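Notes for the one structure printed next.
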Amino acid sequence: MDQQGFVQSFLAAGCENFAEALKKSALAAVWFVFLTFPIMVIKVDTIDKTVVWRWENMAYIALAVFFGSFLWRWMLARKELKKDEVKQETKVESFLTMIQTTPAIKYTLLVIIGVVAAIAPLKFNIMGDKFQLFNLYQTNIMISCLLYIVLGLGLNIVVGLAGLLDLGFVAFYAVGAYAYALCNMHWDIGFWYMLPVGAALGAICGVILGFPVLRLRGDYLAIVTLGFGEIIRLVLENWGEVTMGPSGISSIARPGFFDMKLGVIGSTNYMYYIMIGMVLFTIFCVNRLQNSRIGRAWLALREDEIACQAMGIDKMKTKLMAFSLGATWAGMAGVVFAAKTTFINPASFTFWESAIILSIVVIGGMGSVRGVIAGAVILILVPEYLRDFAEFRMLLFGAIMVLVMVFRPQGLISAKRKIYEYKATKTAGAPNE
Amino acid sequence: MDYFLELLFGGLTRGSIYALIALGYTMVYGIIELINFAHGEIYMIGAFTGLIVAGLLTMLGFPGYSILIIAMICAVIWAAAYGYTIEKVAYKPLRGAPRLSPLISAIGMSIFLQNYVMLSQTSDFLPFPELIPEFEFMKGMGSMLSSSEMVIVVTTIMVCIGLTLFIKYTKLGKAMRATAQNRKMAMLVGINVDMVISATFVIGSSLAAVGGVLIASHIGQINYFIGFIAGIKAFTAAVLGGIGSIPGAMLGALVLGLTEAFATGYVSSDYEDVFAFCLLVLILIFRPSGIMGKEKVQKV
């Protein structure tokens with residue numbers, strides 16, 4: 001498409017001509033100004049009896065909607081066009097495939113990433129200059145990003161692979177975190193002992209939740225898991241004698257390294273390496289799981305439950321496995337979270353935490369490991385570096401979730417199945433045509 | 001006995017509010033089989049619009065009753081507009097997509113609306129003016145049943161009767177029932193399905209807004225987060241009665257309201273919300289189709 005044609009099709013997408021598009025956009029702008037008028041323009045204080053009129057918001061909305069609606073229509077039209085076309089890889093996708101399939105590039109890249117990740121938090125003295133890639137603050141952010149990658153990969157097993165929408169994932173995360181905090185407070189049990197215990201507790205809770213909801217799926221399952229997550233949070237908040245209620249548990253021990261005393265910087269760096277190890281371990285496990293018998297059973301279950309049963313897959317076992325394996329990672333991540341922040345309270349385990357983890361999986365690309373990593377990096381790192389937008393973070397989360405679902409339902413990086421192509425050679429009896 | 005009556009009236013009031021919101025859930029679910037996660041947020045937006053309009057009118061010196069009526073009408077108009085727009089933006093482009101996609105889009109919409117209200121108003125609890133004045137004739141029962149509770153229950157009953165008649169006898173109501181039964185066939189016999197779906201969203205949102213203004217004036221304060229819990233509970237009520245069924249939603253809401261009121265009254269008030277969630281889990285496990293729902297044969 002030439003330049004002029006592109007501009008024209010962009011401006012008049014989905015309409016007869018440019019004039020009609022202009023009219024449509026203007027109408028949309030007027031409609032949204034009306035829609036947002038009471039909430040965004042008027043602010044009433046019923047105690048002091050004052051009204052603040054914020055007319056400037058109205059202008060922003062009108063402008064944003066007027067130009068946004070062109071984009072919206074164009075994207076919708078493009079999506080419609082793409083439906084008819086034979087599926088083709090986009091440039092980014094084919095670039096990624098190229099990296100994946102060329103071992104030389106792939107391994108060089110992996111080595112570069114590995115080396116950068118390994119030396120990132122360390123301080124070097126190069127010719128008198130202090131050189132450090134990440135300072136303490138950045139290392140901390142990286143730790144939480146890695147934590148979300150682990151959580152996302154865990155939820156990816158349940159949502160992405162098995163297709164069970166779990167909105168109460170944070171409950172298992174809370175179980176792990178509280179298990180470590182309480183055991184550490186009462187019996188002084190260390191991090192390394194609690195890590196497997198947390199994982200086991202998560203798995204057990206996954207089975208406990210999984211059992212009663214085996215018959216449910218889709219929307220019902222989503223609501224029940226949401227209810228389960230909220231029950232756990234409310235119990236944590238109200239069962240004061242055990243969980244300390246809303247005030248939470250503080251001064252939880254950081255992980256120890258062979259009885260060595262680590263300072264703040266030392267223990268943060270140590271935590272960072274633990275997380276790197278954990279992410280690698282998770283990726284390894286998830287990759288193996290994905291290609292195993294059980295992983296294929298999950299995919300089959302996601303695609304069609306009834307056909308899957310007809311093929312002799314034990315639905316109950318498969319679903320329970322998905323729940324408990326997903327919860328295992330959440331339990332482990334919970335232990336790490338408690339050790340990292342050294343303070344936990346029920347406020348860290350609200351529904352919104354589940355929603356953030358879910359959006360990492362969905363936006364990144366359900367069922368794809370690379371997608372989940374990309375999702376976590378985008379959703380956790382970008383808001384941290386754009387501090388000014390911190391308060392808009394959840395607003396953007398919501399908007400992005402809607403937009404991704406509307407325009408790119410498969411996520412940023414879609415999962416790819418391994419395809420084996422059969423190429424007939426002439427010598428081996430080519431099929432007659 | 002007095003305590004029992006007080007709890008009973010409290011439960012009826014709760015149940016009425018849940019019913020107003022649950023009707024929206026159940027109608028939308030009946031037609032497009034989507035849990036409209038953003039429905040609770042529409043209730044919240046209705047309450048906020050009511051607050052803003054009531055605040056403005058109080059400052060302009062309008063008399064009490066007219067404030068209630070005008071605030072209610074404005075809340076209904078704007079909530080309906082929001083419901084309509086949300087359907088157009090977040091759900092309509094996803095018709096025919098896998099089931100998970102519209103659900104995630106709905107959750108995104110819900111998060112977006114909450115934060116939109118939080119950023120443009122505040123995250124604090126805002127005091128809501130008392131719109132329903134105390135009646136004179138309730139002196140004997142006044143300690144147990146306040147006038148606002150009475151207004152809530154009566155309004156809900158009237159709305160429910162009106163809605164039932166509407167669904168049963170009007171042309172649009174019939175079209176809605178037909179669409180709920182079979183969307184494709186409805187389209188074939190000349191029903192404008194898109195219009196029917198929009199109408200469902202508009203009606204459901206209006207009912208939620210009525211509930212929002214009434215409960216806000218009863219409790220006396222609102223914030224951006226009220227829609228979340230109310231939405232979940234209303235959904236519980238809808239599931240309890242059998243989702244997709246309108247009388248079921250009313251019955252379910254009543255059962256839920258009474259259960260909650262008695263459980264908090266006689267067991268513990270700390271775990272108020274836990275009871276609703278436990279009831280939801282139990283119902284879904286033992287009778288997923290709800291009290292008045294029909295077992296659905298699964299199609300392959």
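These numbers come from a predicted model, not from an experiment. Note on naming: letters A, B, ... go to the chains in the order of the sequence lines (proteins, then strands), and numbering restarts at 1 for each one. Computation of the quantities below employed the complete heavy-atom set of this structure, encompassing side-chain atoms and omitting hydrogens, waters and symmetry-equivalent molecules.
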Judged by atom type as modelled, is there a donor-acceptor pair below 3.5 Å linking the side chain of [X] to the main-chain atoms of [Y]?
X        : Y        : answer
A:Arg233 : A:Pro346 : no
B:Trp78  : A:Phe34  : yes
B:Ser101 : A:Met405 : no
B:His39  : B:Ile21  : yes
A:Ser359 : A:Ala355 : yes
B:Asp124 : B:Leu126 : no
A:Asn57  : A:Val41  : no

Counting only heavy atoms closer than 4.5 Å, note whether [X] contacts chain B via side chain, backbone, both or neither.
X        : answer
A:Leu167 : side chain
A:Phe351 : side chain
A:Leu76  : side chain
A:Ile400 : neither
A:Arg54  : side chain
A:Val235 : both
A:Val406 : both
A:Phe32  : side chain

Checklist entry - B:Glu260 and B:Tyr18: side-chain donor and acceptor closer than 3.5 Å? => result yes
Proximal component of [X], with respect to chain A [non-hydrogen, under 4.5 Å]:
X        : answer
B:Tyr82  : both
B:Met109 : both
B:Leu94  : side chain
B:Ile35  : both
B:Phe37  : side chain
B:Val53  : neither
B:Leu113 : neither
B:Cys278 : both

Interface residue of largest heavy-atom contact number with chain A, from [options], under 4.5 Å:
options                     : answer
B:Leu119, B:Thr49, B:Ile45  : B:Leu119
B:Val89, B:Ile232, B:Val117 : B:Val89
B:Tyr91, B:Phe228, B:Phe48  : B:Phe228

Next on the checklist: Heavy-atom pairs under 4.5 Å with chain B: which of A:Ile42, A:Val402, A:Leu395 has the most?
Outcome noted: A:Leu395
Checklist entry - In terms of heavy-atom pairs under 4.5 Å with chain B, which of A:Trp31, A:Phe228, A:Phe407 leads? => result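 Top count of heavy-atom pairs under 4.5 Å with chain B: A:Trp31.
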Item to check | Residues B:Lys88, B:Asp194: salt bridge by 4.0 Å N-O rule | outcome: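 Answer for the salt bridge query: no.
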Next on the checklist: Looking at B:Arg95 and B:Glu87, is there a salt bridge between them, counting it only when a charged N and a carboxylate O are closer than 4.0 Å?
Outcome noted: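 So B:Glu87 pairs with B:Arg95 through a salt bridge.
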Checklist entry - Could you state the interatomic distance from OG (A:Ser69) to CH2 (A:Trp74), rounded to the nearest 0.5 Å? => result 14.0 Å
Checklist entry - Do the side chains of A:Ile39 and B:Gln121 get nearer than 4.5 Å, heavy atoms only? => result yes
Checklist entry - Given the side-chain rings of B:Phe201 and B:Tyr84, with only the six-membered ring counted for Trp, is the space between their centroids under 6.0 Å? => result no
